[in-house]
Structure formats: C-alpha cells, structure tokens
2 protein chains.
Amino acid sequence: MTDTDQPVPNRENSDKKLTPRQQQIFKNRQVMIVKKASKLFIKKGYSQTSMRDIANATGINLGNLYHYISGKEDILCIAFNNYHNLIMEFVIKNDILNIKEPKAKLKAVLRQSLEITYDFRNDLLMMYRETRVLPRKFLKIILKKEGEFVKLFEDIIAKGVESQAFKVSDPFFAANMLVFQISLYALRSWNLKQFTREEFLDMTEETILRAIIPDTL
Amino acid sequence: MTDTDQPVPNRENSDKKLTPRQQQIFKNRQVMIVKKASKLFIKKGYSQTSMRDIANATGINLGNLYHYISGKEDILCIAFNNYHNLIMEFVIKNDILNIKEPKAKLKAVLRQSLEITYDFRNDLLMMYRETRVLPRKFLKIILKKEGEFVKLFEDIIAKGVESQAFKVSDPFFAANMLVFQISLYALRSWNLKQFTREEFLDMTEETILRAIIPDTL
DNA sequence: ACTCAAAACAAACGTTTGTTTTATTATTAA
DNA sequence: TTAATAATAAAACAAACGTTTGTTTTGAGT
C-alpha cells in the first residue's frame, strides 16, 4: 500500500565514506535523539522545548546534536514519520486484511487500531497539537499517509455496504468519523480516566460499530 | 447552570476613577485586542504569534498594549473564556432544555451545538491545540466549564435511557463521545472540505444519534 | 488657561532562542 | 605509531522574545 519509506525531506543524506559500524552508531544515536526529544515535545510542547533541553535529556552536547540532526524541525519531522509508519504497519502487517466477512474484518482492524492508538495516545496528541509547525513539504507527506489510513476503512465499509452487511449514507464520511472516534482517548483522556483500558476500548468499539452495522444493540 | 461570569484570574481590576465613557472605550479596545489576537493565534499558533504581531494587527503600540491587557497569557485566557461562554450560552439560552420528549430534546440541543461548533471551528481547534499554554489556575476553570457541557448531554441521555427511548451502556461515556464527535469538523476539516455545511451537519447528526437511539436506520 | 491622568510612542531591557564556532581531548583506522 | 576523525565543553552569534521604561501627546474637567 505504501511505497518504500520516503526519506525525511529536510535531511541531507550526508553519506560520506562511513564504515557500516559508523553508520550503525550514527543511526542509533539519531533514533535515540528523536525518541527522547519526542518525550519532551509530548510533555512540554514543541515550542517550549529548547535544543538545550534535548541536549540535557540525551546527554549529547548541544553543538554535537547538529552532527546527527540538521535542526529542531528535523526531529519533529522524523518523529511524525516514525509514528505514522508504526501505526500503519501494525494495522496492516497481520493478515486481517484478507478476512472476507465484512463485519469480522471491520471489527478486527478496528480493534487493533483502537489498541495501538490507546497505547500511543501521547504521540497522537502531540501530532494533533504540533502539526502546524511542520514544514509544508513534510506536512503533505503526513497528510497523504493519514489519507491512506482513512481509505483503509473506507474500502472496508464500502464493501460491507455493497453486501448489505453495513448501512451508512457515505462510506468516506463514515471512515473519517471512525478514524476520528478512534482518537477519542488521546484527545480527551483528562475526562475519561475513570475507565480501565479494556472498559474504554470495549465501549468505544461498540459505539463506533453501532453507527455502521445495523441491529447492533 | 453557570454562576455569574468569573473574571479572568490574571487581570488586575484596575477600576480606578474612570468615567463610564472611558470604561467603555477601555473595554472595547480590550475586546478588539483579544479578537484580533485570537485570529493570529488561530492562523499561526500561540507561541508563534509575538506581541509585536498583535501590536501590528491592532494598530496599538507595543508598549501600550500592556495598558489593556496584563500580558500575552492574559489574551489567551480571555479568548478561551469568551468562546466557552459563547457556546454554553448559545446552547442553553433557548428553552430547548424544557422539551420533555427525550429524542426531540437531544436532537434539538445536538443540532444547535453542531451548528455553533461548525461555525467556530477555528476557535475550537485553537483551544484543543493551545490548552497546554494556559496557566494552571485558569485551566481548571475551563475544564470545569467543559465538564458542564458534557454533563448537559449526560443528563439528557440518562433520562432517555430511563424511559427506554435511548440505549447506551454508559451515559457518561456516551456524552463524552458525543461532545467529541461534535468537534469532528474543527479537528479534521482538512479532510472533509468536500462536503457542504448542511451535508456535513446532517451526516454528523445522523451518525451520532445512531449510537444512542435504537432503530435509527 | 491650567491641571493631571490616561494614552501613545520609540527605545531599550534582560532573556532565551536555534545555530555555529573554537579549542581541547578521546577514539579509531591505516 | 600516526594521522584522521569524533566527542566534548564552552563560548559566541544574531535574532527574536515578552516586558518595562522615560518621555511626549492628548483631551476632559476645573
């Protein structure tokens, strides 16, 4: 569904003569930086996180940070990319997509998406909040990936409508609403802490399905 | 339902001897500042909007801004307050709340909330994005108001469940999901521009109601 | 005409920002 | 070993930030 991983646009692929070992170290450091920085972005927000904060958190010297990333925006771009690859892979990797029966298929994909989104709620919240900071070129890539995620559900729903297993007035709208509902906890956890993870997932799944599958009482 | 308008905490009520006319001018200026600043916050984000930007947009001298507001955060607080008062008043002012029949009541309140939220989508988006910047003390006030908005729907749903007009597993959860669904367009308009306002409102209303009212096919 | 406080203004304050540079030390490859 | 490379710490950089200052202009009340 997705073509080969597109490189983050900002990065200058400075692949000068590096031994494999060096490349490995370089990559590991970069991953570490992005991971720690993401945590800070989640906790304090992108603008409120300084490069000096990131240097402290990673233990890497401020000036030396710029050997691994080309700038602050770069870190955010990579973080967005990582998360989106993650969620798409998780959902797609299992053969759920080959399930024939519409209801079972929808339920399976939905449940998996719900669980992942719940566990990565902080990352998702950051993405909703900080999208504005992304460079234009990179924003397009992210929105395209998001569109593919919606399309995944749209297709499932459309097929189900054909076979009269589902009933919705517009599969594209239904898919958008569904994807949005999936992110309920990420965006409103402050008002939903009273539920356990399983309680919450069950109720959310039920509510979402009732809008698509008839006779779901 | 809400007590008398709470003053924004940051503001020092410098009600020294001012003629009514002067007070009027002062208030008008303040409203104007908040309005223009909100537009900037919506367009560029709070952190990315400088006091100099606001000075330019309002035509008020940078230093002089501080005669009307006590700081940048103050503007954001007032903006949050204004929006929340607005949406709560709009929803409550009409006597919809006195409708007896659960379905009709839910539909009426829901429709009105949907329309307002659609029209103020930009403000709502800003609130979701910039909540983090709010001072703790003020955040509590806002969350309380939000809670009241959810409670409004929770009560309606709970009553409907009693009379078996509605069927949901948990009225509190249902109300939260409903309020969240209302903000669909605000948070995902970039993927929903193909629909007209009325198309969108109709579909959203239908989808929301199907999760609450049985036999809504 | 005089008074005085509010309003307006430009300039500057002190910080913090992202980023670059420098000089020194440690690590690694040939 | 030796020469290149990477890592460190510290300082420097220009730009931008929110806020305050000192001074001037304005306008209504006496």
Side-chain angles (χ1 to χ4, degrees), chain A residues 10-12 14-30 32-34 36-37 40-41 44-79 130 132-135 138, chain B residues 10-34 36-37 40-41 44-79 130 132-135 138:
Chain A
N10 276 358
R11 298 279 319 140
E12 25 159 330
S14 56
D15 290 331
K16 297 169 184 176
K17 319 137 203 167
L18 288 180
T19 76
R21 163 142 183 77
Q22 282 173 322
Q23 285 188 18
Q24 188 58 40
I25 291 177
F26 187 89
K27 200 72 193 166
N28 285 348
R29 287 266 204 179
Q30 192 175 281
M32 190 263 262
I33 292 171
V34 173
K36 299 248 181 183
L40 290 178
F41 293 163
K44 319 198 327 171
Y46 174 82
S47 287
Q48 288 73 31
T49 301
S50 70
M51 290 299 279
R52 285 161 182 84
D53 291 334
I54 298 175
N56 282 339
T58 55
I60 296 177
N61 181 270
L62 175 59
N64 209 20
L65 269 180
Y66 288 85
H67 292 167
Y68 298 99
I69 49 95
S70 69
K72 195 183 173 190
E73 272 187 352
D74 204 30
I75 303 181
L76 190 66
C77 291
I78 299 178
E130 312 290 0
R132 188 202 311 281
V133 189
L134 284 182
F138 196 81
Chain B
N10 277 357
R11 296 279 318 143
E12 24 161 331
N13 273 349
S14 56
D15 288 331
K16 296 170 186 174
K17 318 139 203 164
L18 288 179
T19 76
R21 164 138 184 80
Q22 281 173 322
Q23 285 188 17
Q24 188 59 40
I25 291 177
F26 187 90
K27 199 73 192 164
N28 285 348
R29 287 266 204 183
Q30 190 173 283
V31 168
M32 189 262 262
I33 292 172
V34 173
K36 299 246 180 184
L40 290 177
F41 293 162
K44 319 199 326 171
Y46 173 82
S47 287
Q48 289 72 34
T49 301
S50 71
M51 289 299 280
R52 285 159 185 83
D53 291 333
I54 297 174
N56 282 339
T58 54
I60 297 177
N61 180 272
L62 176 59
N64 211 20
L65 271 180
Y66 288 85
H67 291 166
Y68 298 99
I69 48 93
S70 69
K72 195 183 173 190
E73 272 186 351
D74 203 30
I75 304 181
L76 191 66
C77 291
I78 298 178
E130 312 291 358
R132 189 203 311 280
V133 189
L134 284 182
F138 195 82

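Note: hydrogens, waters and symmetry copies are ignored here, and every other heavy atom, side chains too, is used. To find a chain, count down the sequence lines: A is the first, B the second, and so on, and within it residues start at 1.
- For Arg29(A) and dT27(C), the CZ to P distance is 12 Å, given to the nearest whole Å.
- Pairing each heavy atom of Gln30(B) with each of Tyr68(B), the nearest pair is OE1-O, 2.9 Å.
- The two atoms that bring Glu130(B) and Gly45(B) nearest to each other are OE2-CA, 3.5 Å, heavy atoms only.
- For Lys27(B) and dA7(C), the NZ to P distance is 14 Å, given to the nearest whole Å.
- Sequence neighbours left out, the pairs with a member in residues 47-62 of chain A that pass salt bridge (Lys or Arg N to Asp or Glu O under 4.0 Å) are Lys44(A)-Asp53(A).
- Residue pairs that meet the salt bridge (Lys or Arg N to Asp or Glu O under 4.0 Å) test with at least one member in residues 55-70 of chain A, sequence neighbours left out, do not exist here.
- Residue Leu65(A) holds its CG atom at 11.5 Å from CG of Asp74(A), rounded to the nearest 0.5 Å.
- In this structure, the separation between CD1 on Ile69(A) and CD1 on Ile78(A) is 8.0 Å, given to the nearest 0.5 Å.
- Applying the side chain to side chain donor-acceptor pair (under 3.5 Å) definition to pairs two or more places apart or across chains, those involving residues 55-65 of chain A are Asn64(A)-His67(A).
- DNA chain C contains the following stems of three or more consecutive Watson-Crick or G-U pairs, with both distances under 3.5 Å: C:3-17 with D:14-28, C:19-30 with D:1-12.
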With B for base contact, S for sugar-phosphate-only contact and - for none (protein heavy atoms under 4.0 Å), nucleotides 12-26 of chain D reads B----BBBB------
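- When the P atom of dA6(C) is taken as reference, atom OH of Tyr68(B) falls 11 Å away, rounded to whole Å.
- Between the CG atom of Asn28(B) and the C1' atom of dA7(C) there is a distance of 16 Å, given to the nearest Å.
- With sequence neighbours excluded, no residue forms a side chain to side chain donor-acceptor pair (under 3.5 Å) with Thr49(A).
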